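Because the structure is a prediction, the values reported are computed rather than measured. Just so it is clear: chains get the letters A, B, ... in the order the sequence lines come, proteins before strands, and each one is counted from 1.
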Amino acid sequence: MRLVLPNPGLDLRIPNHEDLDRMEKEEAGDRLKWDNKAQYILTCVGFCIGLGNVWRFPYLCQSHGGGAFLIPYLILLVLEGMPLLLLEFAIGQRLRKGSVGVWRSISPYLTGIGIASMLVSFLVALYYNTLIAWIMWYFFNSFQSPLPWTQCPLNENGTGFVPECQESSTVDYFFYRVTLNSSQSIADSGEIQWAIVVCLLAAWTVVAICCIRGISTTGKAVYVTAILPYIVLGIFLVRGLSLKGALSGLKFLFTPDVDELINPTTWLDAGAQVFYSFGLAWGGLISFSSYNPVHNNCEQDAVILSVVTGLTSVYAATVTYSIIGFRATEKYDNCISGNIVTLLNAFDLSEDNITTTNYEDTLNHLNSVYPNVVQGLDIKECDMQKLLSEGVEGTGLAFIVFTEAITKMPGSPIWSVLFFLMLFCLGLSTLFGNIEGVVVPLKDLNVFPKKWPHEVVTGITCAVAFVICLLFAQQSGLYWVTVFDTFAGSVPLLTVGLFEMVAIVYVYGIDRFNEDIVFMIGHKPNIFWQVTWRVVSPLIVLVILIFYLVTIAQKELRYLVWDYNSEEFPSLASVPFPSWINAVIFLLAGVPSITLPVYALCRLVFVYCKKRSEK
Amino acid sequence: MLEKIFLLLCFSSALANQLCKPDASDGYKVRISLKTALGDDAYVWNENEMFFFRSTLAFAMRTHVSGQRFEVSNIVVCNETPRVSFWFVVTSPQNLSQLIDKEHVEEAIRKSRSRINSAFLLTDNTLEFIGIHPTLAAPVEPVTPPWLIVFGVVMGAIAAGIVVYMVSTVVRKKRKKNEKTNGDDTDGETRVKTIESGRAADGVYNLSFADDERL
């Protein structure tokens with residue numbers, strides 16, 4: 001397939017190999033450089049390993065057949081993730097520019113890809129930093145014993161707890177009421193929660209400080225933010241495995257269900273997870289690799305990063321599920337104990353009469369002898385499988401399930417501090433890549449005057465983002481975050497990723513690309529890379545994109561709300577979106593996706609008009 | 001004489017039995033969970049413990065119902081079960097056939113609850129008076145919310161970071177100025193490259209054009 005679209009003037013726009021060597025030798029250009037290779041690898045690892053590895057991958061793994069899910073995950077990691085990774089690394093290293101610069105060099109009509117990447121990075125940074133603000137709030141509140149989410153406030157006459165807390169749980173109440181004070185629908189904005197505003201301020205200030213001078217500051221920060229999560233995960237692994245019930249959680253996670261492999265949703269979810277977790281199409285990776293020396297071995301980097309991401313996902317899943325298993329076992333034991341006490345009280349039996357071992361038999365015996373009495377009692381259904389599978393994804397995992405598990409461990413405040421510090425570092429290191437993917441394109445597009453230093457641009461970006469984030473500080477903030485999470489970071493990224501591959505293979509030219517790689521690392525990428533770049537990876541991304549569009553178009557858009565008055569309380573109620581949400585979805589998902597064709601069209605028109613006026 | 005005393009005792013115990021029965025209107029059910037509270041250290045519930053319980057209740061009644069001297073015999077217990085649960089009623093010291101009102105009993109127990117609990121090494125959950133809800137302890141709330149303190153520390157660290165950054169920027173600018181005045185302007189203009197003599201090159205890739213290209 002030697003199909004290449006005509007692309008006049010390409011040689012004039014990009015430096016050739018001799019220029020690259022000369023620029024490298026003379027250290028020309030005011031482009032930043034990495035202090036050492038370790039910084040670069042750590043920054044990329046930090047960017048790829050984010051909150052999704054802790055709270056999305058374990059859930060996918062468990063719900064799609066446990067250990068069997070690793071098969072599609074690893075296959076798609078190799079077929080989809082690695083080729084795209086090398087593509088972005090190599091093109092950034094070759095053209096030595098951020099995402100807008102790279103696409104503009106390849107063809108001015110393709111600048112839309114870079115702009116789309118920038119928009120997606122910005123939108124994702126907004127809600128991601130809100131999650132970090134919530135994490136900081138929990139972190140700040142962890143420095144006390146007992147932890148604030150272990151207690152319900154009392155009602156007026158002091159004989160019981162506030163009903164909202166009584167009927168749900170202390171952790172639910174603390175998250176939905178004390179922290180977020182969530183309203184009952186996305187349309188009901190309510191007031192601004194000042195505690196969240198304060199945490200948002202802290203979050204954006206930290207990000208601004210760390211990114212203020214680009215990679216010369218983030219490069220230092222990643223030594224902490226990229227390494228600390230691994231250490232904390234290790235500590236939690238050791239602690240988690242020594243807790244009662246950890247092994248039941250691990251068994252639940254890894255028990256393979258090979259039937260799931262036939263289900264296409266499994267493969268599609270695996271593909272989507274690989275795509276998002278690698279931070280592809282955000283523009284950050286292109287930017288980071290453009291600071292590398294020209295002859296850096298990017299092929300090796302791509303392979304290393306893929307392996308590290310895969311292993312870290314499995315590692316995080318193990319830790320997560322050992323803690324989940326512990327919590328489920330605690331709750332199960334409490335449920336059984338509660339039932340035993342109910343039976344003892346109803347039949348006035350001695351306390352030794354019913355133990356956990358003979359509970360089942362005694363219950364059946366009593367049920368057969370006194371069925372009316374037993375039916376009238378409030379015997380709860382204690383289902384271990386249900387307990388293991390509840391609330392184990394997304395914010396529910398971090399702020400509800402894990403916080404509850406931590407309260408049951410001895411020495412809770414320390415574990416809470418460690419856990420939220422780890423989440424903070426995971427999120428922050430991903431944000432570094434995001435901000436890089438926003439600020440560098442802004443500079444390339446000359447949105448700000450050239451004289452303004454990088455620091456000012458970063459500062460203004462963070463300030464504007466903070467102001468927009470006040471949207472998430474309202475009482476409906478949780479629902480807005482859900483909207484952003486579902487729509488801003490899904491379809492546009494897949495579209496941009498697809499365009500990227502098509503652009504490099506068919507507009508830049510796969511032959512030219514191969515020659516560049518030969519120049520940079522000394523050997524031509526082998527047949528595996530050739531096949532995946534040209535056929536396999538674009539096909540996979542296209543299939544996932546079509547599947548997403550079809551799914552979203554088909555089903556009615558609903559979201560989950562925390563509503564005290566609903567019937568399903570304390571479970572979240574599923575409510576349809578208001579109709580104006582379609583405009584918001586178009587802004588979030590539609591605008592970045594169509595940026596490329598729209599920009600190309602505008603440029604065509606502009607060039608045509610200029611030619612006409614020159615004649 | 002002896003017969004009269006005997007008759008009186010029978011009569012009073014019969015009366016007491018009549019007064020105390022499950023679901024009595026002025027009685028309360030007590031439920032004690034020794035194994036739950038004390039595990040292996042649990043003591044056995046026997047007659048002596050019951051005597052102690054009745055005297056504790058009598059103490060509570062004496063303290064909080066003014067003017068009346070309650071005796072252990074005024075606390076009548078019935079319907080004991082192996083669970084350890086039983087019903088009790090409180091009779092008036094003056095008139096053994098008259099029961100003290102539910103409200104007074106409840107008030108007395110509520111006020112002495114912690115004394116009663118600690119007498120038996122039990123808690124509100126393990127020594128239950130069915131129908132009398134314990135007043136829950138308010139959640140501990142320190143004067144300054146702790147999160148504000150930690151937030152202050154973090155913001156202080158950030159402010160220190162900002163100061164360090166500003167100082168380093170100023171220092172860097174001063175150093176650059178010193179270099180400029182000391183040596184030639186070697187690192188200033190990197191955009192415009194000049195072709196040095198002796199260099200066989202057709203042309204030099206001009207970085208400034210590439211960066212300025214807008215379209």
- The interface call for A:Ile209 against chain B, heavy-atom contacts under 4.5 Å, is side chain
- Query: In terms of heavy-atom contacts, does NZ of B:Lys102 have more than 12 from other residues, nucleotides or ligands at under 6.0 Å?
  - Reply: yes
- Query: Could you state the interatomic distance from SG (A:Cys199) to CH2 (B:Trp147), rounded to the nearest 0.5 Å?
  - Reply: 5.5 Å
- By a 4.5 Å heavy-atom criterion (distance strictly below it), what part of B:Leu148 contacts chain A: side chain, backbone, both, or neither? neither
- Do other residues, nucleotides or ligands put more than 12 heavy atoms under 6.0 Å from the CZ atom of B:Phe51? no
- Message: Need one label for A:Asp352: side chain, backbone, both or neither, based on atoms under 4.5 Å from any heavy atom in chain B.
- Response: side chain
- Which pair of heavy atoms, one from A:Glu351 and one from B:Ile32, lies closest together, and at what distance? OE1-O, 4.3 Å
- Message: For the NE2 atom on B:His64, are there more than 12 heavy atoms of other groups (residues, nucleotides or ligands in this structure) within a distance under 6.0 Å?
- Response: yes
- Note on the structure: Between the CZ atom in B:Arg172 and the CZ atom in A:Arg213, the distance rounded to the nearest 0.5 Å is 4.0 Å
- Non-hydrogen atoms of B:Pro146 and A:Phe143 that approach each other most closely: CB-O, 4.3 Å
- Message: Just so I understand: if I count every heavy-atom pair under 4.5 Å between each of A:Val198, A:Asn345, A:Thr217, A:Val341 and chain B, which residue has the most?
- Response: A:Asn345
- Structural part of B:Val84 lying under 4.5 Å from a heavy atom of chain A: neither
- Task: Please tell me if the side chains of A:Leu344 and B:Arg83 come closer than 4.5 Å, counting only heavy atoms from C-beta onward.
- Result: yes
- Indicate the atoms forming the closest heavy-atom contact of A:Asp348 with B:Pro82, along with that distance. O-CD, 3.6 Å
- Quick one: are B:Ile149 and A:Phe140 in side-chain contact, heavy atoms under 4.5 Å? no
- Using non-hydrogen atoms and a 4.5 Å limit, figure out which bit of B:Ser33 sits close to chain A: side chain, backbone, both or neither. both
- Over 12 foreign heavy atoms within 6.0 Å of CD1, B:Ile158: yes
- Item | CD1 on B:Ile162 to OG1 on A:Thr205, rounded to 0.5 Å | 6.5 Å
- Task: Measure the shortest side-chain to side-chain distance between B:Phe151 and A:Met136 over non-hydrogen atoms and say whether it is less than 4.5 angstrom.
- Result: no
- Item | Heavy-atom proximity to chain B below 4.5 Å, by part of A:Ala208 | neither
